[in-house]
Novice: 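The structure that follows is given in the form of structure tokens.
The sequence lines fix the lettering, A, B, ..., with proteins before strands; numbering per chain opens at 1.
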Amino acid sequence: MIDINLIRENPEAVKENIKKKFQDSKLPLVDEIISLDKKKRELQTEVDGLRAQRNTLAKKIGALMKEGKREEAEEVKALSKRNNDRVAEIESEMSQVEADLKKDMLSIPNIISKDVPIGRSDAENVQGKVFLKAEEKPFDVPYHLDILEKLDGIDLDSARRTSGNGFYYLTGDIARLHSAVLSYARDFMIDKGFTYCIPPYMIRSDVVSGVMSFEEMDGMMYKIEGEDLYLIGTSEHSMIGRFMGTVMPEDKLPQTLTSYSPCFRKEKGAHGIEERGIYRIHQFEKQEMIVLCKPEESDFWYEKLWNYTVELFVSMEIPVRQLLCCSGDLADLKYQSCDIEAWSPRQKKYFEVGSCSNLTDAQARRLGIRYKNAKTGKNEFVHTLNNTVVAPPRMLIAFLENHLREDGSVYIPSVLRPYMGGKSEIQVKK
RNA sequence: GCAGAGAUGGCGGAGUGGUCGAACGCGCACGACUCGAAAUCGUGUUACGGGCAACUGUACGGGGGUUCGAAUCCCUCUCUCUGCGCCA
């Protein structure tokens, strides 16, 4: 949600931003908001006056009662009652106007960074920097599922029986590798000065509706039957929810946190769960990083965050590139976003393994996350950012394809060996 | 899970139907005193919204209700504490 003052003061800039995102159908909302906002303020003035009257009358009644002037008091009561009817009328009109206003405000996209490339859809995303040389293998790289099966590292048949499509058993060295990657990533972020955090894996509906739209919720979130609880789709949900409705002192910023959690997603809609293997699944695990900082520092942190992910992948000897999200592909809450994509020697192209976003104050405004500005003494909204550190098992696809050898064994880069009992490779099971 | 107690400003803590946005204390800010500091004294100090301003509205865990009027009474949810029970 953007600042309504921006719409009041500079509606043209807001419209320009909407055009940049190719959401022209939302253009009329801006004028609608201006008129709803005006209406709201008129109603507010009126209702404030009437309430002031109510307060005065109530005091008068109290005074009369004390003096024992019962009859006079009754007269004023009747007057006050009539006044209150009018208050109720305007209040209900006002709550309607407020609801409409809020709905419109939620549809207005966040102002995007000047650095965001302009484009209609993900097809127009722009390649940024590239790290390590993306090389083709001198042999055919099999589909990741086949690699996993050769290494005796996966059992999808049983998972389908116990849980259905979109679930998996990882076994043996592959399961260990999965944990090793997460542990290594956790320590990597701790070394960068981030605070490690294990959050709740279930959250209440008010937190859910705070962190996402109804459509997203419907398409992603699993609900616990008979409870007001949902399984988180990412630890960002509970990590950001942690700060809902709080004001923190300026010296508590920046908050630099890295969290681990399993993630549960229905994956309803566009791509679905049909794809074979472990690319898109209902359950995965993720090491995440989130930052809450002062407004003037969020650009700095954005650059830092995505570079951490790159550094992590490079240390595991996996070629990656940065892909700049274009204006049309950017979610409404985001100011700027990029994906980190890993090289797939099989497909001979890059695919997404993480995503880094700066939401500026849009998320914080929606959730009421503020800090006390030490200079001005005012409470102001923080900026929030989030980024994937690493999310296996999807990340394992990149790992296996890049480190596969012709004989079917998989090479383990040195940084992971301490987490793998010193092993330097995973061998094919005879 | 059962029973009892409770949730008030940055913190502690009064307040049980009207003059309460809230006593008192702590903390914090500013000023006085001092060479400087401590101590002491004085002043100020909730948030959000409307208004050029004067001023004004709302909020005492969340939601709903009673009343002319609710921090205060009723319902409900959440959370905390104490005791019992159960359990990794």
Novice: According to a strict under-4.0 Å criterion, is A:Arg70 in side-chain N/O contact with OP1 or OP2 of B:C68?
Specialist: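 Checking B:C68 against A:Arg70, no side-chain N or O comes under 4.0 Å of OP1 or OP2.
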Novice: How far, in whole Å, is B:C81 from B:G25 if one measures between their C1' atoms?
Specialist: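 Pairwise C1' distance, B:G25 against B:C81, rounds to 24 Å.
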Novice: Determine the interatomic distance between C1' on B:C30 and the same-named atom on B:G18; round to the nearest Å.
Specialist: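 It comes out at 37 Å once rounded to the nearest Å.
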Novice: Working to the nearest 0.5 Å, report the span between CG of A:Asn386 and NZ of A:Lys334.
Specialist: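 So the CG of A:Asn386 and the NZ of A:Lys334 are separated by 7.0 Å.
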Novice: Looking only at atom P, what distance separates B:G12 and B:C75, rounded to whole Å?
Specialist: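 Here B:G12 and B:C75 have their P atoms 28 Å from each other.
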Novice: I'd like to know if the side chain of A:Ser235 pairs up with that of A:Glu288 as donor and acceptor (distance under 3.5 Å, no hydrogens or angles considered).
Specialist: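 A:Glu288 and A:Ser235 do not have a side-chain donor-acceptor pair below 3.5 Å.
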Novice: Both A:Ser80 and A:Ala58 contact RNA chain B. Taking the nearest nucleotide for each, which residue is further toward the 5' end?
Specialist: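 Residue closer to the 5' terminus by nearest nucleotide: A:Ala58.
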Novice: Got a minute to check which stems RNA chain B is part of, using Watson-Crick or G-U wobble pairs under 3.5 Å, three or more consecutive?
Specialist: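 Stems for RNA chain B, defined as runs of 3 or more consecutive pairs: B:1-7 with B:78-84, B:10-12 with B:24-26, B:27-32 with B:40-45, B:46-50 with B:55-59, B:61-65 with B:73-77.
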Novice: Between A:Lys81 and B:C68, is there a side-chain N or O to OP1/OP2 distance below 4.0 Å?
Specialist: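 Answer yes for this pair, as a side-chain N or O of A:Lys81 is under 4.0 Å from OP1 or OP2.
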Novice: Nearest-nucleotide wise, let me know which of A:Thr45 and A:Met65 is further upstream toward the 5' end of RNA chain B.
Specialist: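 It is A:Met65 whose nearest nucleotide is closer to the 5' end.
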Novice: A:Glu74 CD to B:G69 P: how many Å, rounded?
Specialist: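 From A:Glu74 CD to B:G69 P: 13 Å.
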Novice: How many whole angstroms separate atom NZ of A:Lys38 from atom P of B:G51?
Specialist: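 From A:Lys38 NZ to B:G51 P: 12 Å.
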Novice: Determine the contact category for A:Ile61: base if any of its heavy atoms lies under 4.0 Å from a base atom, sugar-phosphate if only primed atoms, P, OP1 or OP2 are that close, otherwise nothing.
Specialist: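 Base contact - A:Ile61 has a heavy atom under 4.0 Å of at least one base atom.
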Novice: Look at atom NZ of A:Lys423 and say whether more than 12 heavy atoms of other residues, nucleotides or ligands are closer to it than 6.0 Å.
Specialist: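 Check fails, neighbour count at 12 or below.
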Novice: Over how many whole Å does the gap from A:Glu91 atom CD to B:G50 atom P extend?
Specialist: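 Checked: the CD to P distance equals 18 Å.
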Novice: Sticking with atom P, work out how far B:U82 lies from B:C24, rounded to a whole angstrom.
Specialist: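 These two P atoms come out 32 Å apart once rounded.
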Novice: From B:U78, B:G18, B:G50, pick the nucleotide closest to the side chain of A:Arg204?
Specialist: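 So the nucleotide nearest the side chain must be B:U78.
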Novice: Please report, rounded to the nearest Å, how far the C1' atom of B:U46 is from the NZ atom of A:Lys378.
Specialist: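 The answer, rounded to whole Å, is 13 Å.
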Novice: If we ignore hydrogens and angles and just use 3.5 Å, is the side chain of A:Arg265 paired with the main-chain N or O of A:Ile281 as donor and acceptor?
Specialist: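 No; zero donor-acceptor contacts below 3.5 Å.
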Novice: Would you please confirm or rule out a distance under 4.0 Å between OP1 or OP2 of B:C48 and any side-chain N or O of A:Arg370?
Specialist: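 Looking at the OP1 and OP2 atoms of B:C48, one of them is under 4.0 Å from a side-chain N or O of A:Arg370.
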Novice: Whole angstrom is fine here: how far is it from CZ in A:Arg366 over to P in B:C48?
Specialist: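 Computing the A:Arg366:CZ to B:C48:P distance gives 21 Å.
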Novice: In whole angstrom, give me the gap between the P atoms of B:G21 and B:U78.
Specialist: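 The answer is 31 Å between these two P atoms.
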Novice: Expressed as a whole number of angstroms, how long is the span from A:Leu101:CG to B:G49:C1'?
Specialist: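 Rounding to the nearest Å, CG of A:Leu101 and C1' of B:G49 are 13 Å apart.
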Novice: Could you tell me how far B:G65 sits from B:G10 if I compare only their P atoms? Round to whole Å.
Specialist: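 Between the two P atoms, the distance is 28 Å.
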Novice: Could you tell me whether the phosphate oxygens of B:U58, OP1 or OP2, come under 4.0 Å of any side-chain nitrogen or oxygen in A:Arg54?
Specialist: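 Indeed, a polar side-chain atom of A:Arg54 lies that close.
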Novice: Say you pick atom P in B:G57 and the same atom in B:A71; how far apart are they, in whole Å?
Specialist: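 That atom pair is separated by 14 Å.
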Novice: Taking A:Asp361 for the side chain and A:Phe381 for the main chain, is one N or O donor matched with an acceptor at less than 3.5 Å?
Specialist: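 Such a contact is absent between A:Asp361 side chain and A:Phe381 backbone.
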Novice: Applying a 4.0 Å non-hydrogen cut-off, can you work out what A:Asn84 is touching in the nucleic acid: base, sugar-phosphate, or nothing?
Specialist: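 Sugar-phosphate: the residue A:Asn84, judged by heavy atoms under 4.0 Å, touches backbone atoms but no base.
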Novice: Using the C1' atom on both, measure B:C20 against B:U46 and round to a whole Å.
Specialist: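 Going atom to atom, C1' in each nucleotide, I get 14 Å.
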Novice: Once you round it to whole Å, what is the distance between P of B:G62 and CE of A:Met244?
Specialist: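 Value for this atom pair: 14 Å.
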Novice: Any donor-acceptor pair under 3.5 Å between the side chain of A:Asp48 and the base of B:G49?
Specialist: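 Donor-acceptor pair under 3.5 Å: yes.
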Novice: Phosphate oxygens OP1/OP2 of B:G50: is one of them under 4.0 Å from a side-chain N or O of A:Arg8?
Specialist: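 Checking A:Arg8 against B:G50: at least one side-chain N or O falls below 4.0 Å of OP1 or OP2.
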Novice: So does A:Lys150 have more than 12 non-hydrogen atoms from other groups sitting under 6.0 Å from NZ?
Specialist: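 Counting neighbours around NZ of A:Lys150, 12 or fewer heavy atoms of other residues, nucleotides or ligands fall under 6.0 Å, so no.
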Novice: For A:Ser315, which residues count as a side-chain contact (heavy atoms from CB on, under 4.5 Å) partner, sequence neighbours excluded?
Specialist: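 So A:Ser315 forms a side-chain contact (heavy atoms from CB on, under 4.5 Å) with A:Tyr184, A:Val415.
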Novice: Is the ring centre of A:Phe194 less than 6.0 Å from the ring centre of A:Tyr308?
Specialist: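 Centroid separation for A:Phe194 and A:Tyr308: below 6.0 Å.
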Novice: What is the distance from atom CD of A:Gln322 to atom CH2 of A:Trp306, rounded to the nearest 0.5 Å?
Specialist: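 It comes to 3.5 Å.
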Novice: At less than 4.0 Å, is any side-chain N or O atom of A:Arg41 found next to OP1 or OP2 of B:G51? Yes or no.
Specialist: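 The answer is yes; a side-chain N or O of A:Arg41 sits under 4.0 Å from OP1 or OP2.
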Novice: Using a cut-off of 4.0 Å on non-hydrogen atoms, how would the nucleic acid contact of A:Asn379 be classed: base, sugar-phosphate, or nothing?
Specialist: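 The answer is sugar-phosphate, as A:Asn379 gets under 4.0 Å only of primed atoms, P, OP1 or OP2.
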Novice: Compare side-chain N and O positions of A:Asn55 against OP1 and OP2 of B:C68 and report whether any pair is under 4.0 Å apart.
Specialist: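 For B:C68, OP1/OP2 do not have a side-chain N/O of A:Asn55 under 4.0 Å.
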Novice: Calculate the interatomic distance between A:Glu72 atom CD and B:C68 atom C1'; express it in whole Å.
Specialist: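 Checked: the CD to C1' distance equals 15 Å.
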